[in-house]
Asks: 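Can you read through this structure? Questions will come right after.
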Amino acid sequence: ETAVFQTPNYHVTQVGNEVSFNCKQTLGHDTMYWYKQDSKKLLKIMFSYNNKQLIVNETVPRRFSPQSSDKAHLNLRIKSVEPEDSAVYLCATLKDTQYFGPGTRLLVL
Amino acid sequence: GQQVQQSPASLVLQEGENAELQCNFSTSLNSMQWFYQRPGGSLVSLFYNPSGTKHSGRLTSTTVIKERRSSLHISSSQTTDSGTYLCALGMSNYNVLYFGSGTKLTVEP
């Protein structure tokens, strides 16, 4: 049963454009995450929010900014995308285990 | 250096053979999780196993904290087991996950 929803599934854009990805969880958890999976399939944490507060911010370029309106939503905005931003962006939420959304695949041309 | 190392990087089996996937970590942990990812698919949590042994069908996970390792055993492999298996270390109070680079498993009929 899907409980972490991400939109869009796939997005193609040009270098320098701005993109926004949405994530919503229906599990009532307090903590949400954004991970990036690159072309080599390596998954890395980007951000973590707990009850709308930023608690983890790994070394991520400033053009990436997470946004949380409430604890069920955690969006990700990328200003002025670059080719190396092409990846799959995975949203997750936590209880004992982490539940992942299906991902948003970004292709920067 | 990388905190989580997985081996082997890839594995090819004939249907019915068993597989042993290894995960070694270089730091203390709050939790250990194993995930399965189909090509182009989302992550599915297989085990939340910070210590000891857990079973689920043909899968067994064993985590030995003192030896800083965790393993995933797949018995009587099936073609539908093909995909990438990822282990992840949970650290910090908010259980941020740090992933290994994965084992790509191919089970041939």
Side-chain angles (χ1 to χ4, degrees), chain A residues 1-7 9-10 21 23 25 27 29-60 66 68 71 74 87-107, chain B residues 1-6 8-11 21 23 25 27 29-52 54 56 59 61 63 70 72 82-106:
Chain A
E1 183 181 350
T2 304
V4 183
F5 303 90
Q6 288 186 241
T7 57
N9 295 327
Y10 187 63
F21 305 146
C23 179
Q25 56 102 355
L27 294 166
H29 298 168
D30 287 340
T31 308
M32 295 183 72
Y33 310 81
W34 276 107
Y35 291 86
K36 178 182 178 182
Q37 188 169 36
D38 62 21
S39 57
K40 296 180 181 178
K41 303 297 184 186
L42 195 59
L43 260 162
K44 287 188 178 178
I45 181 70
M46 298 177 69
F47 301 102
S48 177
Y49 265 70
N50 180 261
N51 204 9
K52 299 193 296 177
Q53 298 294 319
L54 180 65
I55 52 172
V56 172
N57 182 352
E58 294 288 298
T59 308
V60 178
S68 180
K71 70 177 188 179
L74 182 62
V88 177
Y89 293 86
L90 290 156
C91 175
T93 184
L94 168 73
K95 192 161 183 181
D96 293 324
T97 68
Q98 287 201 12
Y99 297 85
F100 282 81
T104 293
R105 185 177 296 274
L106 174 66
L107 179 60
Chain B
Q2 195 169 344
Q3 295 169 316
V4 186
Q5 301 206 352
Q6 282 189 250
S10 61
L11 183 62
L21 282 54
C23 181
F25 43 94
T27 184
L29 76 164
N30 290 343
S31 66
M32 164 63 70
Q33 279 188 250
W34 282 93
F35 292 89
Y36 168 70
Q37 186 175 39
R38 282 191 182 279
S42 57
L43 289 169
V44 176
S45 179
L46 298 175
F47 289 103
Y48 171 78
N49 187 17
S51 67
K54 292 193 175 182
S56 176
L59 304 180
S61 170
T63 299
S70 183
L72 178 68
S82 296
T84 299
Y85 291 82
L86 294 154
C87 69
L89 221 65
M91 293 193 287
S92 85
N93 291 335
Y94 295 100
N95 212 26
V96 172
L97 292 181
Y98 293 87
F99 284 83
S101 52
T103 293
K104 184 177 179 182
L105 175 66
T106 304

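Residue numbers begin at 1 in each chain, while the letters A, B, ... track the order of the sequences. Values below: every heavy atom of this structure, side chains too, minus hydrogens, waters and symmetry copies.
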Asks: Are Tyr35(A) and Leu97(B) close enough that some pair of their side-chain heavy atoms sits under 4.5 Å apart?
Replies: yes

Asks: With rounding to the nearest 0.5 Å, note down the distance linking CD in Gln37(A) to CG in Leu86(B).
Replies: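 That separation rounds to 7.0 Å.
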
Asks: Counting only heavy atoms closer than 4.5 Å, note whether Ser31(B) contacts chain A via side chain, backbone, both or neither.
Replies: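 Neither part.
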
Asks: When you look at Lys104(B) and Lys41(A), which way does the side-chain contact (heavy atoms from CB on, under 4.5 Å) test go after all the steps?
Replies: CA-CA 10 Å; Lys104(B) 184 177 179 182; Lys41(A) 303 297 184 186; over 6 Å; no

Asks: Heavy atoms only: give me the nearest Ser42(B)-Pro102(A) pair and the separation to one decimal.
Replies: CB-CA, 3.5 Å

Asks: Counting only heavy atoms closer than 4.5 Å, note whether Leu43(A) contacts chain B via side chain, backbone, both or neither.
Replies: both

Asks: Is Gln6(A) close to chain B through its backbone or its side chain, or both, or neither, when contacts mean heavy atoms under 4.5 Å?
Replies: neither

Asks: Tell me, side chain or backbone of Tyr99(A) under 4.5 Å from chain B's heavy atoms, or both, or neither?
Replies: neither

Asks: Kindly write out the residues that satisfy ring pair (Phe, Tyr, Trp, His ring centres under 6.0 Å) with Phe25(B), not counting sequence neighbours, or none if the list is empty.
Replies: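 Not a single residue meets the ring pair (Phe, Tyr, Trp, His ring centres under 6.0 Å) criterion with Phe25(B).
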
Asks: At their closest point, which heavy atom of Gly100(B) faces which heavy atom of Leu42(A), and how far apart are they?
Replies: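 Between these two residues, the closest heavy atoms are O-CD1, 4.0 Å.
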
Asks: Please check if atom NZ in Lys44(A) has more than 12 non-hydrogen atoms from other residues, nucleotides or ligands closer than 6.0 Å.
Replies: no

Asks: For a quick test of reading the model, state the closest non-hydrogen atom pair linking Gln98(A) to Gln33(B) and the distance between them.
Replies: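 Looking at all heavy atoms of both residues, the closest pair is N-OE1, 3.2 Å.
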
Asks: Checking Phe35(B) against chain A: side chain, backbone, both or neither under 4.5 Å from a heavy atom?
Replies: side chain

Asks: With side chains defined as the heavy atoms from C-beta onward, is the minimum distance between Ile45(A) and Tyr98(B) less than 4.5 Å?
Replies: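 Contact flag for Ile45(A)/Tyr98(B) side chains = yes.
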
